[in-house]
Amino acid sequence: MNSLNLSKMSPLNDPSFIFGVATSSFQIEGARESRQDTIWDTFCATKGNIADASNGDVACEHVKFWQQDLEMIAELGVDAYRFSIAWARVINQDGSKNKAGLAFYQKLLDKLDELNIKAFITLYHWDLPQHLEDAGGWLNRNTAKAFADYVDIVSKEFGEQVFSYATLNEPWCSAYLGYEVGIHAPGLKGKQHGKQAAHNLLLAHGLAMQVLRKNAPSSKSGVVLNFSPSYAASAKEEDIAAAKLADEHFNQWYLRPLIEGRYPDIIKCMPQEQRPIIEAGDMSIISQPLDFLGINYYSRAVYQSCEQDGFKVCPPQTMNLTDMGWEVYPHGLLKLLTDLNKRYTLPDIYITENGAAIDDKLIDGQVVDIERISYLHSHLNAVEQAMTSGVKIKGYFAWSLMDNFEWAEGYKKRFGIVHVNYQTQQRTLKQSALAYRDMLLARNK
Ligand code: IFM
């Protein structure tokens, strides 16, 4: 497969449907010298944490090449660009504004306006300022308050020039990977941490929503969650129960409090030390009405029963894997969307991330990434089917605009539809970018 097509009748061809590309600050910006340290700088500095021993000091040098990057985005014909603001670039340690940092994002916003591209801003994509971590990070509820103060400054500064604000990106990753299993920054381990970090993140989201409503009432405000829909490894009752338990811990734990103001019932069976401390009023702060829910989807997870934790993840039983070792499973996206739509009263949905890491090769100026095109094609089909069955999906963002720092995997895993040569910073549109562009240019608009 080397092209992407939308049928004339497809709901994805509706002129109001938004297509975009996505990135995040730490993964692309570089220019470490002009911001404060973050937990990822510290994490990268410890040997063994990052597969290729790299860091985000230089990355894609987006702070230097932002203009050409935005022009490249415009060439793709997208409606929107999803990027994150680095908290550590816009706020100094004493809480005052970093004027140069704010000016950088202001230039981005102005250029996006000029190019007629909507700005989808993520306010927290994992790069917590290190000094806040030194005070306990997401295990300290004061971090939620500090986040709201930061959001107040940013949303007063940029206001409604921003089409959409997402408070958090993937709080499960911040809380579980960062504070419970320790494979992401800040690298803490312990079952007693994960749910507490998650609670403080959700609280930060709720407080920030209140600020956004005040400072940018007509921008769309919401949050982005990642989901790996849970499947049972067999039809055995215990495996079905294991998959359900994992789903409650990893998926519903984040969505239910946002929509219904309460955690899944499994909270009652958890050991006391693993439960979060919930203060009076927290759940109503967390469950502020959302304009949208961003959903990031890459793959499913298959579980079997296990004595120790009740569930354990099974390695994929297929050769159809991306370079991350993640199963290509588009049907999981359709099932996720239709299941969530049945279970909850959902706000508008954006697919805020979807894409594949492929072991791409740049040969004679070309990257022929047929597998990525096929991945995008099958997942766009799933989105289309979900819309046809009644899920209110308003947009889709390919992850990622360009190859970048893939966290604990460093620069070895390439998710971009644009290839980056990290020696020269040369960007090259892969076949997938050309296919995405051609699909977008052929729309009904
Ligand atoms: O690169 C990440 C991104 O930062 C968050 N969502 C998943 C992507 C791929 O792992």
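Numbering of ligands and ligand atoms starts at 1, following listing order.
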Do ligand 1 and [X] have nitrogen or oxygen atoms that lie under 3.5 Å from each other?
X    : value
W399 : yes
N296 : no
N404 : no

- Message: Can you tell me how the ring of F311 sits relative to the ring of H249, calling it parallel under 30°, perpendicular over 60° and tilted otherwise?
- Response: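 It falls in the tilted class, 30° to 60°.
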- Query: F415 vs W326 aromatic rings, parallel, tilted or perpendicular, using cut-offs 30° and 60°?
  - Reply: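 The rings of F415 and W326 sit tilted, inter-plane angle from 30° to 60°.
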- Message: Under 4.0 Å between a side-chain nitrogen and a carboxylate oxygen: does that hold for R35 and E29?
- Response: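 Looking at R35 and E29, the cut-off is not met.
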Of all the atoms in ligand 1, which lie at a distance below 4.0 Å from a heavy atom belonging to [X]?
X    : answer
E170 : 5 (C), 6 (N), 7 (C)
H125 : 3 (C), 4 (O), 5 (C)
E406 : 1 (O), 2 (C), 9 (C), 10 (O)

- Just going by heavy-atom distances, which of F415, W126, Y298 is nearest to atom 8 (C) of ligand 1?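 Among F415, W126, Y298, the closest heavy atom to atom 8 (C) of ligand 1 belongs to Y298.
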- Task: With heavy atoms only and a cut-off of under 4.0 Å, state how W326 meets ligand 1: side chain, backbone, both or neither.
- Result: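 It is the side chain that touches ligand 1; the backbone stays farther off.
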- Query: Is the closest side-chain donor-acceptor distance between D291 and S221 under 3.5 Å?
  - Reply: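 Side chains of D291 and S221: no pair found under 3.5 Å.
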- Query: At what distance is the nearest protein heavy atom to atom 6 (N) of ligand 1, and which residue and atom is it?
  - Reply: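 Atom 6 (N) of ligand 1 sits closest to the protein heavy atom E353 OE1, 2.5 Å.
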- Item | Within 6.0 Å of NZ in K107, more than 12 heavy atoms from elsewhere |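 Count over threshold, so yes.
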- Message: Determine whether a donor-acceptor pair (N or O, by modelled atom type, separation under 3.5 Å) exists between the side chain of N98 and the backbone of I91.
- Response: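 No; judged by distance alone, with no hydrogens or angles, the pair does not exist.
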- Message: Just to verify, what does S54 make a side chain to side chain donor-acceptor pair (under 3.5 Å) with, not counting sequence neighbours?
- Response: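 By the side chain to side chain donor-acceptor pair (under 3.5 Å) rule, S54 matches D52.
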